[in-house]
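Numbering of ligands and ligand atoms starts at 1, following listing order. Residues take their numbers from the sequence shown, with the count starting at 1.
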Amino acid sequence: MKTTLIKEILVSQPDGRDVTVHGWVRTKRETKNLIFLQINDGSCFASIQVTLDRDAGIDPAILDELKKATTGASVRVNGKLVESPASGQAVEIQALSLTVLGEAPAETYPLQKKNHSFEFLRENAHLRARTNTFGAIARMRSQMAYAVHVFFQERGFHYVHTPIITASDCEGAGEMFQVTTLDLGGLARSTPKSGEDAVDFSRDFFGKPANLTVSGQLEAETYATAVSRVYTFGPTFRAENSNTTRHLAEFWMIEPEIAFCDITENMNVAEEFIKFLLTWALEKCAEDMAFFDARIQPGLIETLKKVVSSNFVRITYTEAIEQLEKNATAFEFKPFWGCDLQSEHEKYLTEIVYKGPVIVTDYPREIKAFYMKLNDDGKTVRAMDMLVPGLGEIIGGSEREENLEKLEKRITDMNLDPDDYWWYLDLRRYGSVPHAGFGLGFERLLLYITGMGNIRDVIPFPRAPKLADF
Ligand code: ATP
Ligand code: MN
């Protein structure tokens, strides 16, 4: 069966030829003589208008079908493609036949015409892609994923698939989902135990504790130090118990890792990458972006255009703290040198002080991961976080420590076991090179581009504390 998408029909000439479309009824409207159906198949934002003229005589079979063609019903329509007298659309279909493929009874179909709240639609996540907003988000997600690959593939990066199950804890911190085949239900009774309380992981599937990955970085580094430029793009899991509008328990992350690269070049790539993605959205997703601009965040397109043509501000953490201390009374959490930047601080820097994206570098080593390169001052590391207005951190990255002794010291200083990182240390033991990379949260990018307010609305089926439906 060769079907035509509404997207293709909408850009065709209204030459009166016969066309067939499939889709779901958005609305049905009747005047004395005319019946109008708006049919949408999600191939693009716009629906196509189908008209039936009572004066021209309508086949009784079609009238029967029309009764069933309520909002949400799926239909096949055949008719003539003609010029549309209505404004805002070039073509419409004068129906010759109409078949309802699946009904959507008005008494029970959850998505009637009226505007639903995002909360309600989250509870109906299996149907929400049929709405304007979530159809647009679905197309944007797909387009932006494509753009990510184009950006890296055009620049000599290789796409590497890092494992989802891992026995190494990248950040040396908690917040991981454990993967086990041990019987947790009967933990108290039957799970094998080696000591008094300890679980005997030698009898678990992998013979040791294993987790879902929180980052593919360490594995990506092994490939960057072999094929020079790599990126990962895959699901990432963090069991952080933070019920925020910016955190998911399962999200997608893009992690480029670049050999023979320092922190400055790393920032250049990150900035170029974000500008490339925004430009892609503005140029290739114009119709969906016009919707977000009109209905989700007025002024969005202007703002993103300005970002594309601006130079991102780059400041050190120390300078950021100085800025924040000048206005210390404005914050619930008083800023001081050594503190982690809170979301109120990130907001202040990006929205009030610099009014645009800001890259903050050289954080205190205590608040950053063990693999970040130590600066000569011995106090700070070559970290670089990109903060954006309305959102805060969108990218976290660093130049990596390539000196074996320094890295080993950092690992032991942080009470990690160097034996766990033997293969990671080998990258410094043999043919070590300066290298750097960063992580971009794909959903944070989508929040930024669409102007949506809640990260649970830019992924099809969000996972968060107490939320794993569908
Ligand atoms: P935050 O301080 O916002 O929790 P982070 O410092 O934990 O972020 P990184 O470990 O640097 O983040 O991860 C790299 C990127 O992954 C972040 O800049 C962000 O875009 C994204 N990210 C991190 N945690 C989450 C999450 N729970 N849900 C969605 N995206 C996330
Ligand atoms: Mn975090």
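Comparing Glu240, Gln342, Glu393, Glu443 by heavy-atom distance to atom 17 (C) of ligand 1, the nearest is Glu393.
Here is the list of ligand 1 atoms found below 4.0 Å of a heavy atom in Ile395: 18 (O). Shown in contact with Ile455 at under 4.0 Å from a heavy atom are these atoms of ligand 1, numbered in order with element: 29 (C). For ligand 1, the atoms lying closer than 4.0 Å to a non-hydrogen atom of Arg246 are 28 (N), 29 (C). The Gly396 neighbourhood of ligand 1 comprises atoms 11 (O), 18 (O), with distances under 4.0 Å to a heavy atom of that residue.
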What pairs of donor and acceptor atoms, side-chain ones from residues 119-127 against any protein atom, are under 3.5 angstrom apart with sequence neighbours left out?
from: Arg122; atom 1: NE; to: Asp457; atom 2: OD1; distance (Å): 2.9
from: Arg122; atom 1: NH2; to: Asp457; atom 2: OD2; distance (Å): 2.9
from: Asn124; atom 1: ND2; to: Phe120; atom 2: O; distance (Å): 3.1

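Annotation: Leu440 places no N or O atom under 3.5 Å from an N or O atom of ligand 1; distance criterion only. Considering both main-chain and side-chain atoms, Met253 never comes within under 3.5 Å of ligand 1 through any nitrogen or oxygen pair.
Both tests pass for Lys368 against the ring of Tyr363: distance under 6.0 Å to the centre and angle within 45° of the axis. Geometrically, Lys275 engages Phe312 in a cation-pi contact, judged by NZ or CZ lying under 6.0 Å from the ring centre and within 45° of the ring axis.
Thr316 and Asp362 share no donor-acceptor pair across their side chains, judged by distance under 3.5 Å alone. Between the side chains of Tyr424 and Glu219, no donor N or O sits under 3.5 Å from an acceptor N or O.
The only member of Trp280, Phe157, Phe233, Phe276 that meets ring pair (Phe, Tyr, Trp, His ring centres under 6.0 Å) when paired with His149 is Phe233.
Contact annotation for His247 and ligand 1: heavy atoms of both the backbone and the side chain come within less than 4.0 Å of the ligand.
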